Visitor: 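Take this structure, written in structure tokens, and hold onto it; I'll ask about it next.
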Amino acid sequence: MIDTSKYIKVINPSDLDDIINSKVISFDIESCNADIYDKSNRILSISFSCIEGESKVVIIRDNNIELLSKVKNILENVATTKVVAARPFDESIVKEKLGIEVKGNIIDVLTMAHVIDENYTINLENVANKYTSLKNIKEVAEGKRDSLKDAEDGLLVRYNGVDSDATLRCFNALKNRYDKRLKRYYQYFVQPVQNMLSEISTNGCYINKEVLKSNELELLILQDKYEKETLSFIPEEIKEKYKSNLKLTRSIILSEYLFIHEKGLKLKPQMFTGKTKKPSLDEKHLKCFSKVPFIKSLLKYRKVGKLLKPYIFRLWESIKKDGCIYPNILLICTVTGRTVILNPSIQTYPKRGEFAKYIRQAIETTEGWLFGTRDLAQSELRIMGWLANDPTILKALKDKIDLHIKTAESLGITRQEAKAINFGFIYAQSAKGFKIYAKNEYDIDFSMEESENYRDTFFNTYPRLLPYHSKLISETRKNGYSESPLGRRRHLPDIKLGLDGRRLGKEEFMKRISAERQAINSPIQSFSSDLGLIAMMLFNKEIKERGLSEHIKILWFIHDDIMFRAKKEYIIEAHEILRDCLSTKAPEYIKKYFDITVGYPIESEGKVGKNWSEMKSISI
DNA sequence: GGGGCCAGGTTTTACG
DNA sequence: CGTAAAACCT
């Protein structure tokens, strides 16, 4: 049982004196819901801890002015370090609902935990269970959490109190687990980037609802048309059999019509699903029969449906009262340090194909503003060439020869094919993997021998890649984790399977070679992402220092692409600043704080546009 | 003895 | 309710 006897409701401002006098405090907010920009949402209480096992909980819904001013003093005191769980929620909601700007160093214990071990679900309860003696903190809610709004003070105090207590205990436990290298990664990468992400989280992006509505209507009409058209091909016998729930999304109906039923198409399946070995129904396989009118129609129906449900309908849900979206950028989510964007999940928005414009047109700037994007040119290939010290890649970069063209020339294939080969082989794809890949992507049948030849030619062209792969694998085996140049770690226990000489079963063997490829990919992918984020952080800093905060607003980062909006008259300047942050300031920062010289030219390409559908390249 | 979709994600739907 | 498959992104 959790001892909640020292979680105390604050009555007088003086009850908070120990908090205001502490160097390190934790705090936690309870609100009606998780949506900061929801007008009906409000803060219920705020809890502080400065000693493990104790919490001071201020009930905000009582609206005690005297207490609120004390809370403001605490949160705005630059001299105290504030520890929270899950930035930037607490600081953002305090700013939005109470107008209080949290100042001083803000540290997120969930981030601290993720940097130590990226392989498990991060939430306060898990972290507390793993690192502290405070177990199962959800217990204090007595199994109910949905009605905190009307909960009696006692429950609110316990519920809120345990969170700030757990947060403080996690902080104390986790800081002892940081060695020098992790500390450096945290201090000079994680912390400043998280501060930047918190700052830009309030830079909304306008959505043109008229455009969205009319595109949606157009798609709904198309969807209806394709559905009727597709269904009309299916014979009555099959329709009758499934009449209780006749839908084109049901695999059983499609399979029966395509492959099985006497009155159906009787097609011979060529590709099968991974786990269950059923005839595949995905686009790739269906395209093998692209002459069949039913399949053409079905694929269109699917495309339109895909655009409507996850993209257009979900986008509506993300638009706030002011007509803007405020996407949530997560820094601690993926095992390699790539960011994830949610609400809406814009990093998956279609970019190519005839339907992409239906969603991207609605993401539009307001009058007088323009979007700018800048993406890192061939980021991961360049990083691989640098870290492997591969003479061919480094020379091509020096001579400004496109790396995909270089591969295309060496292997006697097109640039597009070379692109796929580059991305496959730099992360140690096998000849057999390549054979399957070439079949899937280009419908080219290579013999095993031809595939092996391509692989051999590739690695002869870039001779330092294989030795570098071996080095990464052996280092990861030794340490149990791979490490990026800046010090981000990826724990890969499976890489040690079979090293004791034990014969491995197929499954275990697959786990091991998968871990080996991950060991090769992780440091590269991680560094690429970190570099972009450092540049973004420096861009943000530069914007503030030049007094341009009202004219340039950073929006988000999609793996190698930074997106911002700027007033028309500042768009050129914004691009110039960001370009310099990427190619010059970021490597300077990395040299200064990590003592690493980035050994390849960092180049980026800029685009500008009124909406996200029609972005045009610019020569800056 | 050889095995093998390059890696990292989100969201939706159907199904047992 | 968890898993698999599908479709979208870098």
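Protein chains get the first letters and strands the later ones, always in sequence-line order, with residue 1 at the start of each. Nothing here was measured: the structure is a model prediction, and the numbers come from that model. Heavy atoms only: backbone and side chains are in, while hydrogens, waters and symmetry mates are out.
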Visitor: On the nucleotide B/dG2, are OP1 or OP2 found under 4.0 Å from the side-chain N or O atoms that A/Lys506 carries?
Guide: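 So the side-chain polar atoms of A/Lys506 never come under 4.0 Å of the phosphate oxygens OP1 or OP2 of B/dG2.
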Visitor: Out of A/Tyr349, A/Trp612, A/Tyr326, which residue meets the ring pair (Phe, Tyr, Trp, His ring centres under 6.0 Å) rule with A/Trp556?
Guide: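 Only one of A/Tyr349, A/Trp612, A/Tyr326 forms a ring pair (Phe, Tyr, Trp, His ring centres under 6.0 Å) with A/Trp556, namely A/Trp612.
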Visitor: How would you summarise protein contacts on nucleotides 2-8 of chain C per nucleotide, using B for base, S for sugar-phosphate only and - for none, with heavy-atom distances below 4.0 Å?
Guide: --SSSBB
Visitor: Consider only side-chain N and O atoms of A/Thr111 and A/Gln194, and report whether a donor and an acceptor are under 3.5 Å apart.
Guide: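 Present: a donor and an acceptor within the cut-off.
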Visitor: By the definition ring pair (Phe, Tyr, Trp, His ring centres under 6.0 Å), identify the one residue from A/Phe233, A/Tyr242, A/Phe294 that meets it with A/Tyr257.
Guide: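 Between A/Tyr257 and the candidates, ring pair (Phe, Tyr, Trp, His ring centres under 6.0 Å) is satisfied uniquely by A/Phe294.
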Visitor: Once you round it to whole Å, what is the distance between C1' of B/dG3 and CZ of A/Arg502?
Guide: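 In whole Å, B/dG3 C1' lies 16 Å from A/Arg502 CZ.
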Visitor: When you measure from the side chain of A/Met510, which nucleotide among C/dT10, B/dC5, B/dG8 comes out closest?
Guide: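 Nucleotide nearest to A/Met510's side chain: B/dC5.
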Visitor: Taking for each residue the nucleotide of DNA chain B bearing the nearest heavy atom, is the 5' side occupied by A/His559 or by A/Ile513?
Guide: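 Closest to the 5' end, via its nearest nucleotide, is A/Ile513.
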Visitor: When the nearest nucleotide of DNA chain B is assigned to A/Phe509 and to A/Arg517 on a heavy-atom basis, which residue is associated with the more 5' position?
Guide: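 Closest to the 5' end, via its nearest nucleotide, is A/Phe509.
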Visitor: Of the options B/dC6, B/dG8, B/dA14, whose atoms approach the side-chain atoms of A/Gln429 most closely?
Guide: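 Given the options B/dC6, B/dG8, B/dA14, the side chain of A/Gln429 is closest to B/dC6.
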Visitor: Taking the same atom, P, in B/dG3 and in C/dA7, what whole-Å distance lies between them?
Guide: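 The same atom, P, in both gives a distance of 30 Å.
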Visitor: Please state how far atom CZ in A/Phe272 lies from atom C1' in B/dC5, giving the value in whole angstrom units.
Guide: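 Those two atoms, CZ and C1', are 17 Å apart.
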Visitor: What integer distance in Å separates A/His469:NE2 from B/dA7:P?
Guide: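 My rounded result for the distance is 12 Å.
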Visitor: What is the ring orientation for A/His469 with A/Phe459, classed by angle as parallel under 30°, tilted 30 to 60°, or perpendicular over 60°?
Guide: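 Plane angle over 60°, so perpendicular.
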Visitor: Distance alone, cut at 3.5 Å: any donor-acceptor contact between the side chains of A/Ser613 and A/Arg360?
Guide: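 Judged by distance alone, the side chains do not pair up.
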Visitor: Can A/Asn611 and A/Glu364 be counted as having a side-chain donor-acceptor contact under 3.5 angstrom?
Guide: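 Distance-only check fails for A/Asn611 and A/Glu364.
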Visitor: Heavy atoms under 4.0 Å, any strand shown: does A/Ile252 hit a base, just sugar-phosphate, or nothing?
Guide: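 Sugar-phosphate contact only.
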Visitor: With heavy atoms under 4.0 Å as the rule, sort A/Arg512 into base, sugar-phosphate or nothing.
Guide: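 Result for A/Arg512 = nothing.
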Visitor: Using a cut-off of 4.0 Å on non-hydrogen atoms, how would the nucleic acid contact of A/Gly353 be classed: base, sugar-phosphate, or nothing?
Guide: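 It contacts nothing in the nucleic acid.
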Visitor: Angle between ring planes, A/Phe259 versus A/His285, binned at 30° and 60°: parallel, tilted or perpendicular?
Guide: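 Ring orientation, 0 to 90° scale: parallel.
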Visitor: From the list B/dG4, B/dT10, C/dT10, which nucleotide is the closest neighbour of the side chain of A/Ile558?
Guide: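 Between B/dG4, B/dT10, C/dT10, the one nearest the side chain of A/Ile558 would be C/dT10.
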Visitor: Using only side-chain N and O atoms of A/Gln518, determine if any of them is under 4.0 Å from OP1 or OP2 of B/dG8.
Guide: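 Indeed, a polar side-chain atom of A/Gln518 lies that close.
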Visitor: What integer number of Å spans the P atoms of B/dC5 and C/dA5?
Guide: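 Approximately 13 Å lies between the P atom of B/dC5 and that of C/dA5.
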Visitor: Using the C1' atoms only, state how far C/dT3 lies from B/dC6, rounded to an integer number of Å.
Guide: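 Looking at atom C1' only, B/dC6 and C/dT3 are 24 Å apart.
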Visitor: Under 3.5 Å, is there a donor-acceptor pair linking the side chains of A/Ser318 and A/Asn343?
Guide: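 The answer is no; no qualifying pair exists.
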Visitor: To the nearest Å, how far apart are A/Leu342 CG and B/dT12 P?
Guide: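 My rounded result for the distance is 11 Å.
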Visitor: Between C/dC9 and B/dG2, how far apart are the C1' atoms? Round to whole Å, please.
Guide: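 Those two atoms are separated by 35 Å.
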Visitor: Is the base of C/dT10 touched by the side chain of A/Arg338 through a donor-acceptor pair closer than 3.5 angstrom?
Guide: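 Per atom types, the contact qualifies.
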